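Worksheet: the structure to be examined is printed underneath.
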Number of protein chains: 2
Amino acid sequence: MGTTATQPSLWDRSRQAVVASIFETAMRLFAEQGYEATTIAQIAKEAGISQRSLFRYFGTKEDIVCGEQEEHGELLRAAVEAQPAAATPWEALRAGFEALMDAHGSPEQLLEITTLIFDTPSLRARYTQKRLRWQEAVLPAVTDRMAAGEGPVSEVRAAAVVATVFACVDAATEAWVRGGGRSDLAALYDEALAAVRG
Amino acid sequence: MGTTATQPSLWDRSRQAVVASIFETAMRLFAEQGYEATTIAQIAKEAGISQRSLFRYFGTKEDIVCGEQEEHGELLRAAVEAQPAAATPWEALRAGFEALMDAHGSPEQLLEITTLIFDTPSLRARYTQKRLRWQEAVLPAVTDRMAAGEGPVSEVRAAAVVATVFACVDAATEAWVRGGGRSDLAALYDEALAAVRG
DNA sequence: GCCCGCCTGGCAGTCACTGCCAATCGGACA
DNA sequence: TGTCCGATTGGCAGTGACTGCCAGGCGGGC
C-alpha cells in the first residue's frame, strides 16, 4: 500500500498538473474569445501540449468544462444512499445536493463554470446528458425509499420524483446564474421545490 | 392573397416532398445500421440529392429526426395560452401536451422517432435542448397564471413548475418507450405528476 | 548498460458542416 | 415564343472535432 500510494501518485500528480494546466488555459481562452471561437489547436498550443495528447486527457472539447461532473455523480449517489432510512426521498436528495455543493472548492469558480455552461448551448446539452446519468445513479436509492413508505413503486413514479428534483435544481441554478451568483443557491432550490409541491 | 396562396404552395409542395423523401430514407437507414453508423453522404446518395442540398433542408444531421419539434413548440405555446383563465398552470400545461399529441399523425411513427431519440445520446441531447426552448415559450403564460392565483411570482417559481411538468413528461415518455409503447402515455404522465404532487 | 511499458507527438484520415461559385430550372413578362 | 431573372442546385475546397496508427522518448526494473 505504501508503494502503491506514492508511485502512482507521482504519475497522478503530474497528470493532475497537466489536466489543471489545460483546464486553466482553456477557461482563459473561453473567457477571452468565447467557447465556440476557441479551437482545440489553440488550447493545445497555448498549453504547450500536442493536440493528440490533449484528447487523451479530455475525450471531447466539452469535457474540458464538464469533465468533473463524472466523479460528482458518484459523490451524489453515495451521499443520497448514506441518508438515514427515515428520510423521505425529497430529504435524501436535498441532502445529496448539499453534500455536492460542499465538495466544491471556490464558489467563484463554480459560478464561472456554471455560467459558461448555461450560456453555451452545446455545453448545456452535454451537461444535461451527464445529469441523466446522475438520475440513473440515484434512482435505485429513491425507489427503495419510496417503496419503504408506500409499498411497491412503479418505475415512473420514482423516475418522476428524481427528474423533478433535478428540474428544480436546474431552475434554481439558472436563476442563480442569471443573477450573477448573488442569491443563495440552496434557498432558490427550496423556493423552486415549494412552488411545485406546496 | 390568391396568388400567394397557390404559387408558393407549388414550391412548398415540392419542398415538402423532398423533405419527406430525405426523412424516410434516413429513418430507414437509421433503423438498418443505427444512427451513428449512417453518414450524411449515404443518406444524400440514397435520397438522390447532393450532400450540399441536404444541408439546406436540414441544418444538422440531428434535425432530420428532431426537426419537427420546432413547429410543435409554437403549437404547445398556443394551446397553453388558449386555456381558460380559470385553469391552473398544471391543468393548462396538461391540456397543451394533450393538444400536442393530437397533432401527431400515426402513433407508430411517433413511437419509432421517440425510441430512436431516447436510444441515441446525441439525439436525446439535441431533443432536450429544443425542449428548453419550449419551456421558455410557455413560461410567460405560466407566470401570468400563477400571478393570477397568488400575486406576484418570482422567476424561479414559475420556471420550476414548467421544468417539473417537462420532467414528468420526460419520465412518462421514457417509461412509454421502454415498454414498447404498449401503455398509455397520458396515463403515465398523470401517474408521474401524482407521484410528485400527491 | 539493457530492456520494457507507458506516454507522447505527428500524420493521415473520417465526418459533420460551411462558404463560394457556376450551372440550371421555372415562372414572369415583353 | 423567346428572353430574362430569382431561386435552387451541385460541386469543390476548407474548417474543426475527433480517431487510429506508428515511431520515438523517458522512465524504472533487471
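Chain A is the first sequence line, chain B the second, and so forth, proteins listed ahead of strands; every chain is numbered from 1. Just so you know, these numbers come straight off a predicted model, no measurement behind them.
Side chain of E91(B) to main chain of T88(B): a donor-acceptor pair is present (N/O by atom type, distance under 3.5 Å, no hydrogens or angles). Side-chain N or O atoms of S21(B) include none that pairs as donor or acceptor with a backbone N or O of A17(B) at under 3.5 Å.
Rounded to a whole Å, the CZ atom of R56(B) is 8 Å from the P atom of dG10(D). Atom CD1 of I64(B) is separated from atom C1' of dC17(C) by 12 Å (rounded to the nearest Å). In this entry the distance linking CG of D63(B) with C1' of dC17(C) reads 12 Å, nearest Å. Rounded to whole angstrom, the span from the NZ atom of K45(B) across to the C1' atom of dG10(D) amounts to 16 Å. Atoms CZ (R52(B)) and P (dT18(C)) sit 8 Å apart, rounded to a whole Å. Counting to the nearest Å, the P atom of dA16(C) and the CG atom of L123(B) are 12 Å from each other.
In summary, of the residues considered (R77(A), H72(A), E70(A)), a side-chain contact (heavy atoms from CB on, under 4.5 Å) with E74(A) occurs for R77(A) alone.
In this structure, R28(B) places its CZ atom where more than 12 heavy-atom neighbours from other residues, nucleotides or ligands lie under 6.0 Å away.
Relative ring orientation between F97(B) and Y189(B) is described as tilted, the plane-to-plane angle lying within the 30° to 60° band.
Dashed line: the shortest gap from a side-chain N or O of S50(B) to OP1 or OP2 of dT9(D) is not under 4.0 Å.
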Dump the pairs, protein N or O against N or O of nucleotides 15-18 of chain D, anything under 3.5 Å, distances to one decimal.
unit_1, atom_1, unit_2, atom_2, d
dA17(D), OP1, K61(A), NZ, 3.3
dA17(D), OP2, I40(A), N, 3.2
dC18(D), OP2, K61(A), N, 2.6

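By the salt bridge (charged side-chain N to carboxylate O under 4.0 Å, His left out) test, R126(B) is found to be paired with E62(B), D63(B), residues two or more places apart in sequence or in another chain being considered.
When all heavy atoms of E191(B) and S154(A) are compared, the closest pair comes out as OE2-OG, 2.6 Å.
The stretch residues 125-133 of chain B has no heavy atom under 4.0 angstrom from DNA chain C at all.
Between the side chains of T38(A) and Q33(A), at least one donor N or O sits under 3.5 Å from an acceptor N or O.
Here the side chains of L132(B) and T128(A) are not in contact, with every heavy-atom distance at 4.5 Å or above.
Residue Y57(A) is classed as a sugar-phosphate contact, given heavy-atom separations below 4.0 Å to backbone atoms only.
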